[in-house]
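Contents: one structure, followed by commentary.
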There are 2 protein chains.
Amino acid sequence: MGQDKDFEYLGKIQDYFAEHKTLPTFSHVAQLLGFKSKNAVTSFVARLKLQGYLDYAPDKRLKPGRRFFERIIAESTVQAGFATPAYGDSLDTMGIDDYLIEKPSQTVLITVRGESMKDAGIFNGDTVIVEKRAFANVGDIVVAILNNEFTLKTLGKEGDKFVLIPANKDFPVLRPQDGFEIFGVVVGQFRKYD
Amino acid sequence: MGQDKDFEYLGKIQDYFAEHKTLPTFSHVAQLLGFKSKNAVTSFVARLKLQGYLDYAPDKRLKPGRRFFERIIAESTVQAGFATPAYGDSLDTMGIDDYLIEKPSQTVLITVRGESMKDAGIFNGDTVIVEKRAFANVGDIVVAILNNEFTLKTLGKEGDKFVLIPANKDFPVLRPQDGFEIFGVVVGQFRKYD
DNA sequence: TGACGTTGTGTACATTCGTACAGTACATTT
DNA sequence: AAATGTACTGTACGAATGTACACAACGTCA
């Protein structure tokens, strides 16, 4: 199997995607790769599809396959006795958004103030990724609306009442009498060091 | 200007992209949004294109515009009362990738194993964003190569010697005699909750 | 009230899309 | 040397694409 060139071609396609965030039509692929026939693209795509690099969208358009964004995480690590990360785990640097956010339209980013979730690894200044929905499970970290304020706590239960538990022993467990509303559930967190 | 619905529509398009990594054809957009005419899509797209959310690829296909990946970021947060972020309100937006990664070509992602940086809010299973360079400042969290292994620690100095300080009192400060090599500096961190 | 701008419908149409099928060029195998 | 397999060319074609134009429904504003 001589797919030597196929990876070179794939690279060009990936570059195209990086620039446009979409894949070209068959004709444009042909142009991009220097083919003079669209048909060459058809078979090229078929080959890459088998390997999981490309796929078809519901409307028969070209779309990136599951392996399209693969890239090595720590590549130039030859010197170290360090297990080269398996391809399955790898994240393309372009895809952090994707990795963290599954439902973009229902997702909000909130900057955290205060130390009440410190022991959960959520610090003052961190950003949490919140999926907006009214219901959560016990144990989830939730953004709750309490006295017209947003609060970030772990959802717990005492008897038949829901409570809000901070992850910092200097803060008290909140036991609101009138109940409270759940704004959303924390699905991710990130932090930048300056 | 009544683009109230347009953002609702945009949300559905964003969700489609999140799932397929490509945008649908006009006909499929119509289907997706409940339009009965492709033409409604044409004008809808024109509106969003003006605002920078959508754009055209070289082959006249639909592609994400520069603002397509923006997320809402709510400002004053967890302890302070603030209005539910609505689309029309003043909001700052950003792409997570852009925010966390400044030099893509020199940046790698490393999955953290172990608890040695727990008190710095870097847990087992978190991913750190590492900018590869050989020099760092005291106080930086660095990825060091020590005995052919990667280690994640805070860079410190004792006298004229550099040391590696864990952020967990159960772990000892590392004082390598022969010095060590710095692989890179941690510039960010993120975590996903399942 | 009536003019106007906006949003979506319905039909028509040239262009382009992706595929089918036949054929060429060239290396590898037996 | 003949047979086989792979990569690509070239032409043809039905289906789908995106656009144009005319028109209906609706809210807003003067």
Side-chain angles (χ1 to χ4, degrees), chain A residues 1-17 19-68 105, chain B residues 1-68 86-89:
Chain A
M1 292 186 292
Q3 67 272 72
D4 315 314
K5 283 190 175 178
D6 277 4
F7 285 101
E8 182 193 328
Y9 294 158
L10 177 60
K12 294 190 180 181
I13 305 261
Q14 285 170 329
D15 288 347
Y16 185 98
F17 187 91
E19 183 180 351
H20 295 295
K21 304 280 187 295
T22 192
L23 290 176
T25 63
F26 276 41
S27 316
H28 282 247
V29 173
Q31 206 172 303
L32 205 63
L33 304 186
F35 293 160
K36 293 184 179 174
S37 168
K38 279 189 296 178
N39 220 358
V41 179
T42 306
S43 44
F44 161 69
V45 168
R47 271 174 266 148
L48 288 233
K49 181 171 150 60
L50 274 180
Q51 299 176 57
Y53 290 106
L54 292 174
D55 203 355
Y56 289 109
D59 45 11
K60 293 214 161 196
R61 274 187 167 178
L62 222 45
K63 75 167 193 179
R66 72 202 132 72
R67 298 179 63 189
F68 187 84
S105 64
Chain B
M1 290 188 292
Q3 68 271 74
D4 314 315
K5 281 190 174 181
D6 277 4
F7 285 103
E8 183 193 326
Y9 293 158
L10 177 61
K12 294 189 180 181
I13 306 260
Q14 285 171 328
D15 287 348
Y16 184 99
F17 187 92
E19 185 180 349
H20 295 295
K21 306 282 187 300
T22 190
L23 290 176
T25 63
F26 277 41
S27 317
H28 281 245
V29 172
Q31 207 172 302
L32 205 62
L33 304 186
F35 293 160
K36 294 184 177 174
S37 168
K38 279 189 296 180
N39 220 0
V41 178
T42 306
S43 43
F44 161 69
V45 167
R47 272 175 265 149
L48 286 237
K49 181 170 150 62
L50 274 180
Q51 299 176 56
Y53 290 106
L54 291 174
D55 202 355
Y56 288 109
D59 45 9
K60 294 214 160 197
R61 272 187 168 177
L62 221 46
K63 77 167 192 178
R66 73 203 132 77
R67 299 180 62 188
F68 187 84
Y87 275 102
D89 288 3

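Letters A, B, ... mirror the listed sequences (proteins, then strands); counts begin at 1. The model shown is predicted, which means the values in this text are computed figures rather than measured ones.
Computed from coordinates, the A:Gln31 CD to D:dT9 P distance equals 13 Å when rounded to whole Å. We find that NZ of B:Lys36 is positioned 12 Å from C1' of C:dG10, with the value rounded to whole Å. When the C1' atom of C:dT7 is taken as reference, atom CG of B:Leu48 falls 13 Å away, rounded to whole Å.
At distances below 3.5 Å, at least one donor-acceptor pair connects side-chain atoms of B:Lys21 with backbone N or O atoms of B:Ala18.
How far CG of A:Asp55 is from CG of A:Leu48: 11.5 Å, rounded to the nearest 0.5 Å. Here the straight-line distance linking atom CG of A:Leu54 with atom CZ of A:Arg66 works out to 11.5 Å at 0.5 Å rounding.
Between A:Thr22 and B:Lys63, the shortest heavy-atom distance links the atoms CG2-CB, 3.6 Å.
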Would you give me the side-chain donor-acceptor pairs under 3.5 Å for residues 23-38 of chain B, sequence neighbours excluded?
| residue | atom | partner | partner atom | Å |
| --- | --- | --- | --- | --- |
| B:Thr25 | OG1 | B:His28 | N | 3.3 |
| B:Ser37 | OG | B:Asn39 | N | 3.1 |

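Close to D:dC8, at under 4.0 Å from its OP1 or OP2, lies a side-chain N or O of A:Arg47. A:Tyr9 has a side-chain polar atom (N or O) that falls below the 4.0 Å cut-off from OP1 or OP2 of D:dC8.
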Checklist entry - Reading nucleotides 12-18 of chain D 5' to 3', which nucleotides get B (base under 4.0 Å from a protein heavy atom), which S (sugar-phosphate only), which -? => result -----BB

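No donor-acceptor contact under 3.5 Å links the side chain of B:Ser37 to the base of C:dG8.
Aromatic ring centres of A:Tyr9 and A:Tyr53: separated by at least 6.0 Å.
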